[in-house]
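Written below as structure tokens is the structure these notes are about.
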Amino acid sequence: AYVKWDVESDPQIYINQYARDVLYVPDAIKQIADTEDLYRNTIFYDLDSVNYMEELADRQLDPAGVEISAIDFKYNSISANIVTEEGTFVNFSQCYYPGWKAYVDGEETELYLVNGVIMGMEVPSGTHHLVFSYESTSVWIGGAISLGTVLILAAAFLLSRRRREK
């Protein structure tokens, strides 16, 4: 699967010629009873073209009828435009982790665990703007605690300075 990307480079760089795009539509969704079985019996699953999920029922998808464009990948988000004739499902080749959220046209939508590893969202038919965004509450809580600590220290410093002046 790996071939040299640039023959002249040092160190040599290889590329996985079978890797999926960062955003893609699978061929099908198959409902499974237990995600743990994916981990134990990976070789029996077609993880390249099928989404195995506990939450959604079986259905065929049409990747050829979907156009994903204007992909903008940033540090904590990815956005893209999508045109689809039928409702579909878009996978994001990023590990599923708490704090990620999914949006279609600015409205938050359900984020699903796909194949026990990555994440995806359902998308209705039509033209839409998709966003996967990492919004960790622990970062906000940590920032609030840090800001509170700075304010308390500043107040303590000002109070001690006033006392010394008196």
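FYI, the numbering just counts along the sequence from 1. Note that the structure is a prediction, hence the values are computed from the model and not measured.
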How about Tyr39: does its OH atom have over 12 heavy atoms from other parts shown lying under 6.0 Å from it? yes
For Thr35 against Gly116, the heavy-atom pair lying closest together: CG2-CA, 3.5 Å
Using 0.5 Å steps for rounding, measure from the CZ atom of Arg59 to the CD atom of Glu122. 5.0 Å
Give the C-alpha distance, both sets of side-chain angles, the deciding distance and a yes or no for side chain to side chain contact (heavy atoms under 4.5 Å, CB included) between Ile71 and Val22. CA-CA 9 Å; Ile71 296 173; Val22 67; 4.3 Å; yes
Residue Glu135 excluded, over 12 heavy atoms near CD under 6.0 Å: yes
Does a sphere of radius 6.0 Å around CZ in Arg161 hold more than 12 heavy atoms from other residues, nucleotides or ligands, not counting ones at 6.0 Å or beyond? no
Using the rule that Ile, Leu, Val, Met, Phe, Trp and Tyr join whenever any side-chain heavy atoms are under 4.5 Å apart, tell me whether Ile78 and Tyr134 fall into a single cluster. yes
State, to 0.1 Å, how close Val104 and Pro124 come at their nearest heavy-atom pair, and which atoms those are. CG1-CD, 4.2 Å
Are the side chain of Arg20 and the backbone of Ser93 linked by a donor-acceptor contact shorter than 3.5 Å? no
Report yes or no: do Asn81 and His129 form a side-chain donor-acceptor pair below 3.5 Å? yes
Look at the side chain of Asp21 and the backbone N and O of Leu23, then say whether any donor-acceptor pair between them is shorter than 3.5 Å. no
Starting from Leu113, can I reach Tyr45 by hopping between I/L/V/M/F/W/Y residues whose side chains sit under 4.5 Å apart? no
Does Glu85 have more than 12 heavy atoms from other residues, nucleotides or ligands lying within 6.0 Å of its CD? no
Does Lys101 pair with Glu110 as a salt bridge, N-O distance under 4.0 Å? no
Heavy-atom side-chain proximity of Asp58 to Ile29 below 4.5 angstrom: no
Search all heavy atoms of Asn115 against all heavy atoms of Tyr52 and return the closest pair with its distance. OD1-N, 2.7 Å
ILVMFWY cluster, Met53 and Val50 together (side-chain gap under 4.5 Å): no
Of Val114, Ile118, Val117, Leu111, which is the lone residue that meets side-chain contact (heavy atoms from CB on, under 4.5 Å) with Tyr96? Leu111
Strictly below 4.0 Å, N to O, side chains only: are Arg40 and Asp34 in salt-bridge contact? yes
Connected via hydrophobic side-chain network under 4.5 Å: Leu47 and Phe89: no
Is there a donor-acceptor contact under 3.5 Å from the side chain of Asp72 to the main chain of Ser79? no
Side chains of Leu61 and Pro26: does their closest heavy-atom pair fall under 4.5 Å? yes
Do Asn91 and Asn51 touch side chain to side chain, with heavy atoms closer than 4.5 Å? yes
Can you measure from CD1 (Ile82) to OG1 (Thr88) and round to the nearest 0.5 angstrom? 6.0 Å
Please state whether the rings of Phe92 and Trp100 are parallel, tilted or perpendicular, taking 30° and 60° as the class boundaries. perpendicular
dist Asp46:CG -> Asp27:CG (nearest 0.5 Å) comes out at 8.0 Å
For Glu54, is there any backbone N or O sitting under 3.5 Å from a side-chain donor or acceptor partner on Gln31? yes
Among the clusters formed by ILVMFWY side chains lying less than 4.5 Å apart, do Val25 and Tyr103 turn up in the same one? no
Between Ser160 and Phe157, is there a donor-acceptor pair closer than 3.5 Å when you use the side chain of the first and the backbone of the second? yes
Between Val123 and Leu130, is any pair of side-chain heavy atoms under 4.5 Å apart? yes
